[in-house]
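Before any comments, here is the structure.
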Amino acid sequence: MFFVLSKLLDIAIDPLWWSGVPTLWGVVLLARGSSRRRLALGLVGLGLATLFLCCLPAVSNRVWASLEGGVVSTMREGVTYDAVVLLGGVVSPQGSLPDEPAWNDNVERLLEVRRLLLSGRAKVAIVSGGKLGGALRTEAQYLAEALIALGVPKDQVLVEPHANNTRENATLSKPMLEALGAKQVLLVTSAFHVPRSVGCFRAVGLEADVLPVDYRVRDPSLDPHVAPRGEYLSQTTRALREWLGRAVYRVLGYSTPPSSS
C-alpha cells in the first residue's frame, strides 16, 4: 500500500503534470471550438507559466536551499563512534552493471564513511541498501565492496541488504546496532536528506548524531544562470519530491520530529 501511495504521490508532485494537464485541457477546448475560449487560454497560460517558473534557476535553487537550511553536523569532537550508518541512494541502477556500479551525485556519503573508518572516528560501518532490480546486486553489496576496495578492512563493514527506503534503513539497521551494543551512532547522508533520515531513526527509538555531506545549494545567489533551463526543472522536481517525502513520513508516523523540550 505504501509503495503504491508513494508512486501516485510522486507523479502528483511532478511539475510536468502541473503544467501538462492544464495545457492539454486548454488545447482540447480550443480544438473543439468551445465557447469557453477565455478559460481555454487561461489553462494554457497557467500550464506554460508553471513550466517556465519551475525551470528558472532562481526558483529551483531556492526550493533546493530550503531543504538544506538549518541542517548542521552534530558529530561530536573527540568521540569514537561505535558505528556509522551509511544510507543508500548512492548507486544509479540505470547505469550499473552486475559487477560495475554507477555512482550518482550522492557519492560523497560513501567517501565520507571511508574517511571516518580509516581515521579511527568510527569502529564499524553498517551499509544499508536493498535491491536495485534486474541482475544487479543489492546496493549494500556494492557499497561494501567499494569501501573495501578503498582500503577499509573487511571486518569493519557490515551489510544490511534489504532496505528500499529511508524508513527501512532505520528499522533494519536497528537490530544490527543493538547486536553490536552500539551506544554512539553516527548517520551519514546528504544534507537535504538529514531531517527525514534522523526522524526515521528517532521513530524507531534510536537517537543518533548526523554528519551531513553533499550540500547542493548553500547560497542560491551564487548561481550565474538566469534563463530557464531543463536541468533546473529536474532539480525543482527532486526538491519537491523530498518535501513530499518528509510530509508523508511525518503523517504516517515513520519520521518523528525532535522534541520541543
Side-chain angles (χ1 to χ4, degrees), residues 1-71 88-95 102 104-106 132-133 164-167 189-197 199 214-252 254-255:
M1 181 62 183
F2 173 71
F3 177 80
V4 174
L5 177 62
S6 66
K7 294 303 179 184
L8 290 175
L9 290 175
D10 189 55
I11 293 174
I13 202 70
D14 194 320
L16 276 179
W17 283 95
W18 302 352
S19 170
V21 170
T23 300
L24 180 60
W25 186 8
V27 169
V28 170
L29 289 176
L30 289 172
R32 289 181 174 179
S34 171
S35 60
R36 294 181 291 179
R37 180 177 177 80
R38 182 175 296 180
L39 172 62
L41 292 174
L43 288 169
V44 172
L46 174 63
L48 295 179
T50 299
L51 183 63
F52 179 82
L53 287 173
C54 290
C55 291
L56 286 175
V59 172
S60 176
N61 288 337
R62 280 164 177 76
V63 175
W64 196 268
S66 69
L67 291 171
E68 301 177 336
V71 172
V90 180
V91 178
S92 295
Q94 293 88 344
N104 61 33
D105 50 6
N106 299 329
L132 295 172
N164 292 310
N165 53 52
T166 308
R167 177 181 181 240
T189 191
S190 300
F192 73 88
H193 190 235
V194 164
R196 185 150 59 112
S197 59
D214 181 33
Y215 281 85
R216 309 294 175 85
V217 182
R218 292 181 187 267
D219 185 350
S221 67
L222 294 179
D223 191 333
H225 298 108
V226 177
R229 299 159 67 101
E231 64 188 271
Y232 290 102
L233 175 62
S234 175
Q235 292 177 19
T236 301
T237 303
R238 291 184 63 188
L240 291 172
R241 186 176 293 128
E242 179 59 25
W243 274 118
L244 174 67
R246 292 185 189 183
V248 171
Y249 271 50
R250 186 70 60 85
V251 169
L252 295 178
Y254 294 168
S255 177

Rounded to the nearest 0.5 Å, how far does CG of L46 lie from CG of L51? 11.5 Å

Work out which heavy atom in [X] is nearest to a heavy atom in [Y]; give both atom names and the distance.
{"X": "P220", "Y": "A65", "value": "CG-CB, 3.8 Å"}
{"X": "P15", "Y": "L233", "value": "CB-CD1, 4.0 Å"}
{"X": "T166", "Y": "H193", "value": "OG1-NE2, 2.8 Å"}
{"X": "R238", "Y": "D105", "value": "NH1-OD2, 3.4 Å"}
{"X": "S221", "Y": "D219", "value": "OG-OD1, 2.6 Å"}

With a cut-off of 3.5 Å and sequence neighbours excluded, list every side-chain donor-acceptor pair involving residues 53-63.
unit_1	atom_1	unit_2	atom_2	d
S60	OG	Y232	O	3.3
S60	OG	T236	OG1	3.4
N61	ND2	P57	O	3.2
N61	ND2	D223	OD2	2.9
R62	NH1	A58	O	3.3

Is the closest side-chain heavy-atom distance between Y215 and V71 below 4.5 Å? yes

Sub-4.5 Å side-chain heavy-atom contact between L67 and R246: yes

Do side-chain atoms of D14 reach the backbone of T237 as a donor and acceptor pair under 3.5 angstrom? no

Could you check whether the rings of F192 and W64 sit parallel, tilted or perpendicular, using 30° and 60° as the cut-offs? tilted

With sequence neighbours excluded, what pairs up with R216 under the side-chain hydrogen bond (donor to acceptor under 3.5 Å, both in side chains) test? N106, D214

I'd like to know whether CH2 of W25 has more than 12 heavy-atom contacts from other residues, nucleotides or ligands below 6.0 angstrom. no

Determine all donor-acceptor pairs shorter than 3.5 Å in which one atom belongs to a side chain in residues 16-24; sequence neighbours excluded.
unit_1	atom_1	unit_2	atom_2	d
W18	NE1	A12	O	2.7
S19	OG	G47	O	2.8
T23	OG1	S19	O	2.7

